[in-house]
Amino acid sequence: MSGNWRTWVLAALGIAVVSAAIYFPVLRRRVKTAAKISEPSEEQARRELTQAVTPSPSDPVVKVKMFWISPEDESALAPITIPLALSKDPVLRAKQVLNTLLAGPVDSDLRTLPPDAALLAFYLLPDGAAVADFSEALATSSPSGIQSEQLAVDSIARTLEANVPRVKRLKILIHGQELDTLAGHVDLTQFFIVDTKAAQQGAIWLDMPVNIPVPHIAAANDGASVPAKR
């Protein structure tokens, strides 16, 4: 009896092994096929990522350079050229490219800014000084570290330099306030160079004006303008 029991067990195990050998390759092919069907193309992914940027019908589609983390070197930025409808107005244009930068690249591992961060406002002064006001998530969700923080700021500055020539230097605010640092390291009390060529020629004034009027922040703070540290 015990011999028959062992025979039946071995036979059952053999059938199970053979069935698995036949079924698993079929299952793998089905999974791969389903993944290919559900995987969006790069163009579809880009369209979904930039759907928050609403262009005007009159905005021409141009090739823009977005600066995200380099696929070859995670400590450096690399320009990625994509088609994007951009306004000729420098403020609207800056908002469009920064919103696209915030949306991130198709490969999320290469993004430089937190996925939950948002651009609240953008202002451009006649001398080329710009103020970009971001949500608190830019500071609270950014990884703390000199390299990651510098990459975040540099990606903003280089993207503006490549696509919005009117911007010469940039001040970053967090929810209308000037913070000491982004996430503990990079100094946010300063201006950041955007137009590197003009800076090399000594044509950019980096000292911050005493006051920078920003309408929506002023309304939220009983008419007060944003004070600048000297």
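Residues: numbered from 1 along the sequence shown. Nothing here was measured: the structure is a model prediction, and the numbers come from that model.
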Approximate separation, where rounding is to 0.5 Å, of I193 CD1 and R158 CZ: 8.5 Å
Any donor-acceptor pair under 3.5 Å from S155 side chain to A152 backbone: yes
How far does OG of S144 sit from CG of L182, to the nearest 0.5 angstrom? 9.0 Å
Residues in side-chain contact (heavy atoms from CB on, under 4.5 Å) with A157, at least two apart? V194
Interatomic spacing from CE in M66 to CG in L98 - rounded to 0.5 Å: 7.5 Å
Taken to the nearest 0.5 Å, the spacing of L160 CG from K168 NZ works out to 12.0 Å
Picking from L119, I156, V64, what satisfies side chain to side chain contact (heavy atoms under 4.5 Å, CB included) with L101? I156
Residue set satisfying side-chain contact (heavy atoms from CB on, under 4.5 Å) with D109, at least two apart, ordered chain then number -> D107
Between S148 (side chain) and P143 (backbone), is there a donor-acceptor pair under 3.5 Å? yes
Exercise answer: donor-acceptor pairs, residues 78-89 side-chain atoms, under 3.5 Å, sequence neighbours excluded:
residue : atom : partner : partner atom : Å
S87     : OG   : D89     : N            : 3.0
D89     : OD1  : V91     : N            : 3.0
D89     : OD1  : L92     : N            : 2.9

Decide, yes or no, whether a salt bridge links K171 with E178 under the criterion of side-chain N to carboxylate O below 4.0 Å. yes
In terms of heavy-atom contacts, Q96 and D59 come closest through NE2-OD2, 3.2 Å
Non-hydrogen atoms of S141 and D116 that approach each other most closely: OG-OD2, 3.0 Å
Validation row: L113, S142 side chains within 4.5 angstrom (heavy atoms): no
Considering non-hydrogen atoms only, spot the tightest contact between W68 and G104 and give its length. CZ2-C, 3.5 Å
Identify the heavy atoms of L102 and F134 that sit nearest to each other, and give their distance. CD1-CE2, 4.2 Å
Using every non-hydrogen atom in the two residues, find where S135 and I174 come nearest and quote the distance to one decimal. O-CG2, 3.8 Å
Check whether F191 forms a cation-pi arrangement with R169 (NZ or CZ under 6.0 Å from the six-membered ring centre, at most 45° off the ring normal). yes
Test side-chain contact (heavy atoms from CB on, under 4.5 Å) applied to V167 and F122, step by step: CA-CA 11 Å; V167 178; F122 188 90; 4.1 Å; yes
Shortest non-hydrogen contact from Q147 toward S75: OE1-CB, 3.5 Å
Quick check on the hydrophobic clustering: are I146 and L188 connected, directly or via other members, by side-chain heavy-atom contacts under 4.5 Å? yes
Result for side chain to side chain contact (heavy atoms under 4.5 Å, CB included) between F192 and one of D154, V186, D187 points to V186
How far does CG of L151 sit from OG1 of T112, to the nearest 0.5 angstrom? 7.5 Å
Using 0.5 Å steps for rounding, measure from the CZ atom of R111 to the CD1 atom of I69. 10.0 Å
So, does N163 use its side chain to make a donor-acceptor pair with the main chain of K65 at under 3.5 Å? yes
